[in-house]
Amino acid sequence: MAEEREETELNTATTERQEPSARAATGESAAAVVELVGVTKTYPGEEESAVADVDLRIREGEFFSILGSSGSGKTTTLRMIAGFEQPTIGRVFLDGNDATDVPPYRRDVSTVFQNYALFPHMKVQANVAYPLKMSGVPRREIGPRVKEALERVSMAEYAKRLPHQLSGGQRQRVALARALIRGPRLLLLDEPLGALDLKLREEMLFVLKRLQREVGITFIYVTHDQGEALAMSDLMAVMNKGRIEQLATPAEIYAKPATSFVAGFIGKTNLLSCRHVEGNRAEAGSVPLILAEDPKQSQFTLSVRPESILIGTDCHSLPNRFVAEVSEVLFLGHEREVLAKIGDQRLMVRSQDLTVGPGDTIEFGWDPKEAVIVEATGG
Amino acid sequence: MGTSERTPNNRMKANSKVVKIVLGVVVGVAVLCVYVFLYAPMMVTALFSVNDSTIQTLPFQGFTTKWYSALFNDEAMKSAIYFSLKVAAVAVTVSAVAGLGFALLVHRLQMRGTGALQGLIAAPLVAPGLVLGISLLVVFRQANVSPGFWTIVAGHAAFITPLIMFILIQRLKTADPSLEQASMDCGAGYIRTFWHVTLPGLRVALIAGCLLGFTLSMDEIAVTFFLAGTEPTLPVYVWGLLRFGFTPEVNAAFTLIAGGSLLLLTFAGLLLYISGRRQRAGIPNSIDQAEGLGAIGVSTAPSTTEGGTRTV
Amino acid sequence: MSTITGEQAAAGEVTSPNRLWQSIKKFLALSPALVWIFVLVLLPNIFLILYSVWENDLGTISQNWTLDNYSSLFQSEVFKTLLKRTLIISLVSTTIATLIAYPLAYVVVTKFGRYKTIAALLIIIPLWVSYLMRVFAWKIILGEEGVLNGMLMSLGITDKPSEAFLYSTTTVIVALTYVAIPYIFLSTYTALDRIPRHYYEASSDCGASPWGTFRNVIWPLSRPGVAVGFAIGFVLTFGDYVTPAMVGGLEGTMLGSIVLQEFGNANNWPMGAGIGVVIAGAGLLVLAVVSLFTRLDARIE
């Protein structure tokens, strides 16, 4: 028996990965609905790994987002949790059990696909009933449960339609009803709002949030839209080039981006490459800056959010205070985005002053506590 | 470690793995068998074309090229080959012009009824060769046209034209219409736009279509049989040989024709593949499932898209 | 001429001269295609039907309307036997070919990954190799002194050549199955290949086993392609006369074979045309039934 086990281990994982899987078996991960341990995915014929050495624990009832641009590995990560892809290296645990080799249809996981993947030959009710039918639920139980599931997403009156007779938003709701009907432990959403227009997308955000509260299960939400991720998540991971750059609450990620990539990807920011002078003083090019604390390296990147930069009289008491020339102004509706030049540095600031124009001089500054030192990353 | 819990699970996994492997082998062997079945006739013919015996049976009697040399000394066979080449060349030329015209027409005229138009033009491609052959034959007889070169050309053009048309329509669908608009925008008229923008985009597909049509014309028997006069095309001549006395020379002829067909086919396939890739490269977001296969595929069986509209 | 006046009459309703010009231009552009269709598609079929209702008078055709050709056809025992045999041969070989081609297409689409196009091409390529050659080769393989008998004998399975293989209904069925496979494969492959990957995944995600996915999702979505493939296979095999002539012998004679006779030695064109119409009619019937089926099925977006 021991031999048998070793054989399967060898087939699926490399020997150096024994240690994390041993860790996972010790019950430490019991509370985690999903745990990825040292997961790497390299597609055949490609040199770069789509997902590189990712460790991830997602707890029960969490709304967890994976944020990244296309090619960041976020969808591949999701597909490995769903079971559509097998990791090249590493293990996937569901509810503490090793599920790496379990096929998708034996996983207690449901997916809402980016393009909904509603079966075009089945009516809405047949689509929603499908998971129940497949798990052998008696026919007379199916009807009421389908009705209930459709009511939950306000689609009961469309039960007899075919998918192509529905709008994008309606299909989305049906896909949600289908994914939730079996009462899965985990719902995976792969860019579910990507194909919807702006107004519908906002509406669906509320629907999703409400559903998650109602059913109370873990949602893993993959998106490239930082706004969605920030708005919805309890916890989020930012991915880039197959790796997790930062895993934290949305507030923390926004306020304290760990890397320059995260800082640039979440919201707008000014990234200044700085040189340490002494103590809490540094220089960005020729511009002297005051920092909140002494930096650890002599060269580092500083992230300053435009909204942390105060303009005019508000900034008079701040240690970092500059007079700059406006080079460009963009009108954004409720405010203006001003590109200002100090020395050889360009900074973006936000201004509600509608009279500012190119060539004007403005005064601005920021509290050193608002500026964050970030790790330099590519991209 | 919880070994006791994990072992049964592992045993199940191991079992399902064995089942998977066995199933994979069975399926693999079955697939291989079909491929062998499909290529067996060609291989057998090629083998017997170099077999040193007049009787077509195992075991082989040794290697010989005498059937090939006999073939090259057979004046009747050679004139049949020459006649076939002539027919194919003319039929393909006619079909290329007509197919190009119809493809552009169907593509440009965004109006109702182009589906029916396509279907009607394609009918001879889907109809059984026998029906196409006799139906053309009665018309020619009624019009007092005696069977011969031009009746065969008409019969071949009837089914090669839709083939070329479908390949070109396929290509036009994936082409970027803004290229032509850009050309017009640059001040080129319709004719110059066609010449400098539209045609170069279609050229490769057109050549490929012609090559495919050429092999079809060279090999066609069902239609040609009814339309041929006293002078036979190669397949008609071989048909006669096969029915009245047989020499392995025929195997040699078949092998050569098949070789030629495969060569042209490979070339056409490559051209279609390249032109498809080039076209796709221009349109970053177009997902074109019709690769080389689609282009050939759709054209061989146009009725896969609309089963019922074709008439015979 | 009548079409032009029709166009002018229609033009009376069009108020703007620009639109009139537009429709004239459209008509002019269409006219070569219409002529082509008329000469090569409509006219032949019209005359085929006309011939079948014309009288045959010892090889010369008198243009008197008659249904005698059809009535004598359907009274003839030979014709009825042949019609039945042709139907059976055609249905059996198309069915076998479908049973081979569809699973093959399924395996190629789902298991061959990025090699699926090349694998599919390899199956279709025989279509472009001489029909005569492919059919004739079966004579070499199945003949009394053929490859198969030789193999069976050298393996010691039989001790004398079996005559069972050549010049029989079975031989024709084997050859026609062979001929039909690439066509049916093409149609079913196209249908299966159009089903996006995420339907397989969604079904699996809903808890369906691979078999459940096939039965509930893949089969319903690819069924129209199978039906179309079957129809094409039927039409092709039903009207064939080359295969029976090559490998069929007397037992393998099909309807197409007598068409050949009527247009040849028998010199009874109206009768031949009548059988031709029957063949075309059978094909159209199957196509109509199939299109009815496919229309009922939902289309994949």
Side-chain angles (χ1 to χ4, degrees), chain B residues 27 31 34-35 37-38 40-42 44-45 48 55-59 98 101-102 105 109 117 120-121 123-124 128 130-131 134-136 138-139 142 158 212 215-216 219 221-222 226 235 238-239 242 254 257-258 261-262 265 269 289 291-293 296-297 300-301 303-304 307-308 310-312, chain C residues 26 29 32-33 36-37 40-41 43-45 47-48 51 100 104 107 117 120-121 123 125-134 136-138 140-141 145-147 150-151 183 186-187 190 193 225 228 231-232 235-236 239 241-242 256 259 263 272-273 276 279-280 283-284 287-288 290-291 294:
Chain B
V27 168
V31 168
V34 181
Y35 278 95
F37 180 60
L38 287 175
M42 276 87 99
V44 164
T45 311
F48 279 106
I55 307 160
Q56 311 291 303
T57 188
L58 292 174
F102 297 159
L105 189 70
L109 285 183
L117 195 76
L120 282 169
I121 294 174
L130 172 100
V131 175
I134 59 172
S135 65
L136 284 172
V138 292
V139 172
Q142 209 59 30
L212 293 175
T215 66
L216 272 193
D219 290 339
I221 174 77
F226 290 101
V238 170
W239 165 277
L242 292 177
F254 274 147
I257 304 170
S261 295
L262 289 182
L265 193 65
Q289 290 182 326
E291 294 182 10
L293 170 70
I296 303 171
T300 355
S303 59
T304 45
R310 322 283 153 174
T311 46
V312 187
Chain C
K26 237 175 206 178
W36 180 278
I37 288 170
L40 286 175
V41 182
L43 215 52
N45 285 299
F47 271 100
L48 186 66
Y51 261 70
I100 294 173
L104 182 67
V107 170
T117 310
L121 276 173
I123 293 166
I125 280 173
L127 283 184
W128 304 88
V129 173
S130 168
Y131 188 83
L132 205 54
M133 169 187 184
R134 286 182 292 142
F136 176 70
W138 285 107
I140 304 181
I141 297 174
E145 295 182 312
V147 176
M151 251 158 60
Y183 287 101
L186 188 57
S187 171
T190 316
D193 200 36
V228 170
I232 293 174
V235 169
L236 278 170
Y241 66 91
V242 178
V259 175
F263 275 87
I279 290 174
L284 278 180
L287 281 178
V290 160
S291 74
T294 51

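Order of the sequence lines fixes the chain letters, A, B, ..., with proteins taken first and strands second; residue numbering starts at 1 for each chain.
Neither the backbone nor the side chain of C:Ala231 comes within less than 4.5 Å of any heavy atom in chain B. Only the side chain of B:Val27 has a heavy atom closer than 4.5 Å to any heavy atom of chain C. Interface remark: B:Val31 contributes backbone and side-chain atoms alike to the contact with chain C (heavy atom separation under 4.5 Å). Within the 4.5 angstrom heavy-atom criterion, only side-chain atoms of C:Leu104, from C-beta onward, approach chain B. The part of C:Val107 that comes within reach of chain B is its side chain, from C-beta onward, which places non-hydrogen atoms under 4.5 angstrom from that chain. In this structure, chain B has a heavy atom under 4.5 Å from the side chain of C:Ile37, while its backbone stays farther away.
Checked against a 6.0 Å centroid threshold, the rings of B:Phe37 and C:Trp138 count as neighbours. With ring centers used as reference points, C:Tyr51 lies 6.0 Å or more from C:Phe263.
Put simply, the residue from B:Ile257, B:Val238, B:Asp219 that forms a side-chain contact (heavy atoms from CB on, under 4.5 Å) with C:Leu132 is B:Val238.
Of the listed residues C:Gly272, C:Pro32, C:Ala137, C:Ser130, the one with more heavy-atom pairs under 4.5 angstrom with chain B than any other is C:Ser130. Contact count against chain B (heavy-atom pairs under 4.5 Å) is highest for C:Pro126 among C:Gly276, C:Pro126, C:Gly239. Contact count against chain C (heavy-atom pairs under 4.5 Å) is highest for B:Ile134 among B:Val34, B:Ile134, B:Thr215. The candidate with the highest count of non-hydrogen atom pairs below 4.5 Å against chain B, out of C:Leu236, C:Leu43, C:Ile123, is C:Ile123. With chain C as partner, the option from B:Ile221, B:Leu262, B:Leu216, B:Leu130 having the largest number of non-hydrogen pairs under 4.5 angstrom is B:Leu130.
To the nearest 0.5 Å, atoms CG (C:Asp193) and OG1 (C:Thr117) are separated by 7.0 Å. Remark: B:Phe102 CZ to B:Ile121 CD1 distance equals 5.0 Å, nearest 0.5 Å. For the atom pair CG of C:Asn45 and CG of B:Leu136, the computed distance is 9.0 Å after rounding to the nearest 0.5 Å.
The closest side-chain heavy-atom distance from B:Phe48 to C:Ile140 is below 4.5 Å. At least one side-chain heavy atom of C:Val242 sits less than 4.5 Å from a side-chain heavy atom of B:Trp239.
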